[in-house]
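Here's the structure we're looking at; comments come further down.
Residue numbers start from 1 in every chain, and the chains themselves are labelled A, B, ... in the order their sequence lines are given, proteins ahead of strands.
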Amino acid sequence: MSPFGARGGNSAIQDADNLGWKLALVVGKHAGPALLDTYDQERRAGAQQNIKITRRTSRFLSPATPAETLFRDAVIALAKRHAFARSLVNTGRMSSPSTYPETLLSCGEGSGQHLQNVALRCNGEAADLEQVMSATAPACLVIATGSAVAGLPVLMRALQGLPVAFAALDAPCKGALHLGDDAGRLAGQCLADGFTVVRADLYCAGKQPAAQAPALAERLKLWFQS
Amino acid sequence: MMTAPNIADPDGFYETLLDAHAGLTTEQSAALNARLILLLANQIGNASVLRKCIAAARDADG
């Protein structure tokens with residue numbers, strides 16, 4: 001792969017981020033080896049996205065045919081005076097987190113999207129989302145907001161004994177983490193009046209409305225039965 | 001993609017296009033065309049329309 005945009009290093013870290021928690025669950029006998037198949041599915045897609053982006057940069061930087069040279073030169077000629085042409089100048093695109101396809105881990109809308117790490121309060125103490133995840137959630141954290149908080153105990157009972165953590169956003173709930181989000185940075189990434197499942201690698205596994213708690217529990221059990 | 005006539009003065013447009021190429025070498029004409037394609041593509045903007053136009057142009061060539 002061409003290394004534009006520091007993609008070699010970034011994708012290696014993303015590979016490790018994706019695999020680490022899955023491997024820990026399988027080695028710890030919390031999940032079967034099929035969980036590891038999602039590593040291949042997700043990071044293969046990530047590699048393909050990277051290759052697609054860097055191939056485009058390569059074709060701009062080093063045109064392979066007279067026609068490619070013609071258009072590259074045309075873009076450069078126009079870029080001085082026209083803003084639109086500057087957006088076509090491709091000397092390398094910044095690396096950004098990959099989007100993952102549907103897998104065993106997908107359990108609703110927004111699955112496969114990377115979430116922003118944000119500053120929070122967890123049970124009153126300052127902590128960012130990543131710190132909350134690594135301290136409490138080996139596999140995932142289910143965050144309930146609004147009217148879904150009332151359904152959290154049902155979900156907690158259904159998933160008892162599994163390496164899943166639970167949190168209520170800006171609301172107390174017995175047995176669940178109390179996440180304070182004054183700035184609304186986490187709320188903006190969560191489903192209002194619903195459940196948002198955050199994976200250990202800070203990807204969204206899916207969002208479900210409050211009424212879908214039983215279906216969500218069944219989807220999450222599949223992670224560990226694989 | 002629009003294929004029904006949409007140019008107000010077809011003969012006038014065609015003449016303007018040819019005049020723009022007057023006195024240019026083959027290479028200079030090709031470069032002008034490439035710049036023109038990029039400028040026009042930005043007027044259209046819509047990715048699906050652009051893809052259909054590219055495919056139609058490619059078709060006529062084959």
Region of B:L32 that comes under 4.5 Å of a non-hydrogen atom in chain A
neither

Which of A:A74, A:S87, A:A77 touches chain B most, by non-hydrogen pairs under 4.5 Å:
A:A74

Kindly compute the distance separating CD (B:Q43) from CZ (A:F84), expressed to the nearest 0.5 Å.
7.5 Å

Heavy atoms of other groups near B:Q28 CD, more than 12 under 6.0 Å
yes

Within 6.0 angstrom of A:E109 CD, more than 12 heavy atoms from elsewhere
no

Just checking A:R86: does its CZ atom have more than 12 heavy atoms from other residues, nucleotides or ligands closer to it than 6.0 angstrom?
yes

Between CZ on residue B:R35 and CG on residue A:L70, distance to nearest 0.5 Å:
9.0 Å

Say you draw a straight line from CG of A:L78 to CG of B:L39; how long is it, rounded to the nearest 0.5 Å?
5.0 Å

